[in-house]
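Both counts, for ligands and for their atoms, begin at 1 and track the order of listing.
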Amino acid sequence: MNDVRLEVALSVGIIMAQGVRGTRDFYPEDMRLRNWLFDNFDDAALLHGFEEYDAPVLEHEELYTRKQGEEITQQLYNFLDKGDRKVALRPEMTPSLARMVMSRAGALPMPIKWYSIPQCWRYERTQRGRGREHYQWNVDIWGTNEISADAELISVLVTFFEGVGLTEEDLVIRMSSRKVLEEVLGSLGIVGDMFAQTCIIVDKMDKLPADIVSEQLSTLGIEENAIKTIQSTLGIKDMDSLRSMLGEESPAVIELTSLFSALDAYGISEWIEFDASIVRGLAYYTGPVFEAHDRAGELRAICGGGRYDKLLSTLGGKDLPATGFGFGDMVIMELLAEKGLVPELTSGNDDVVISLSPELRNAAMHVASSLRARGRSVDLVLENKRLKWAFKHAERSGAQRLVMVMPDEWKDGKVRIKDLETGEETNVDVESL
Ligand code: HAM
């Protein structure tokens, strides 16, 4: 919105009802779904022995100023705070996690298996599955370079997918290793920062026309022959072709072979496909990389991650092996909706308590309090309402019982209870509620 439109909108009160573009409000019905999704994130991570951590949404801007030209660093929500410090809203969690690990380096018993569900901010072009804020489930293992850590992460992912009812027919986890391109490009003299920049450019292959990608690669100083080699390497979709291109002794082939064998041991190979075009658009990845995509190919990546053994030295620390993934809350909800897997959730209250005469308001409060003291969640009707309204309200909110405080019953020390599942009504002693 430009300044003039903003002023007009403010003057007529429009702006107050609207949030900032690309951000979302969560009404209770949205919050129920968000909590359901997060509970499934929690469950999959906890089942695998991960522990939860958190960090502030505001960080020093320098934490994200990497020089390889990643989109993420161009999309930063950064500003000067009142003390003239350059700060930014985190666009991703990995640098904060690296900072936390670095500041306790040596004191943390390794390996660590941590997860978090932070809100992340990126000034992106808003589109289906992409907003300017999103929640991103992060699951990471630090302190081991064993391939079993990478396999364990895929097991967390598959456990989550199964938990929400998705199958390997709905989506695929495409996997490769940065080492594939590293070997090919290393032999052409493309190493270090130039290699990272090449990965960032080729990551856009499926979003940009081939000639634009080639142009960007040649701007980087990569010759035509090398560009052709890159393109043909990225076209490889099976391990046998990779083996015949790089040879059995290739570190990339050895690494991926043992990763696929581990995934076989978990019994989850049918979810995974080798695809050399997966390189990921962040500079710091060094080993296996993966992304989950819907099989129909209609949505953006569901999640993405990989090994990043060299991140700490870019932040001034001593390197530690690490691997992990980030999983946004937006694309997955699109996919679940498409597959009819979004659950219908209600408030989940146990009881609705209503007094059916104004004089019994205090009695209803007493009943609600004693039910709450017994651990039942109670929605007490706060105004004079008719019984018909109370039935509808209790049903809509998914309560188990409607507890009615009525004059005659109350005189006898009883309340009337309607079981909303069976429809059965009984009078029950207040003492034995
Ligand atoms: P990323 O690929 O930039 O990786 O993001 C990971 C996931 O976050 C994406 O696959 C998508 O689900 C979600 N996501 C990213 N941007 C948006 C957006 N604007 N709107 C909605 N969802 C979005 C990382 O951020 C790495 N730090 C992940 C990681 C953790 N690697 C190792 N550990």
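Heavy atoms only, all atoms of each residue included: S177 and E255 are closest at OG-OE1, 2.6 Å.
Ligand 1 lies nowhere less than 4.0 angstrom from a heavy atom belonging to I72. A heavy-atom separation below 4.0 Å is not found between G281 and ligand 1.
Side-chain atoms of R132 and T126, non-hydrogen and from C-beta on, do get closer than 4.5 Å to each other.
Nearest to atom 1 (P) of ligand 1 by heavy-atom distance, out of M330, R280, E92, is R280. Comparing E71, R122, M93 by heavy-atom distance to atom 25 (O) of ligand 1, the nearest is R122. Comparing heavy-atom distances from atom 23 (C) of ligand 1 across Q75, H134, Q127 singles out H134 as nearest.
For the salt bridge (Lys or Arg N to Asp or Glu O under 4.0 Å) with R66, the qualifying choice from E61, E92, E71 is E92, the only one to do so.
In this structure, the protein non-hydrogen atom closest to atom 31 (N) of ligand 1 is Y285 OH, 2.7 Å.
Those atoms of ligand 1 that come under 4.0 Å of a heavy atom in G129, given as number and element, are 20 (N), 21 (C), 22 (N). In the vicinity of I302, heavy-atom distances shorter than 4.0 Å reach the ligand 1 atoms 10 (O), 12 (O). In summary, the atoms of ligand 1 found under 4.0 Å from a heavy atom of L282, numbered by their order in the structure, are 4 (O), 24 (C), 26 (C). Interface atoms of ligand 1 facing Y284, defined by a heavy-atom separation under 4.0 Å, are 26 (C), 27 (N).
Residues R396 and E29 are not paired through a salt bridge, judged by the lack of any N-O separation under 4.0 Å between the basic side chain and the carboxylate.
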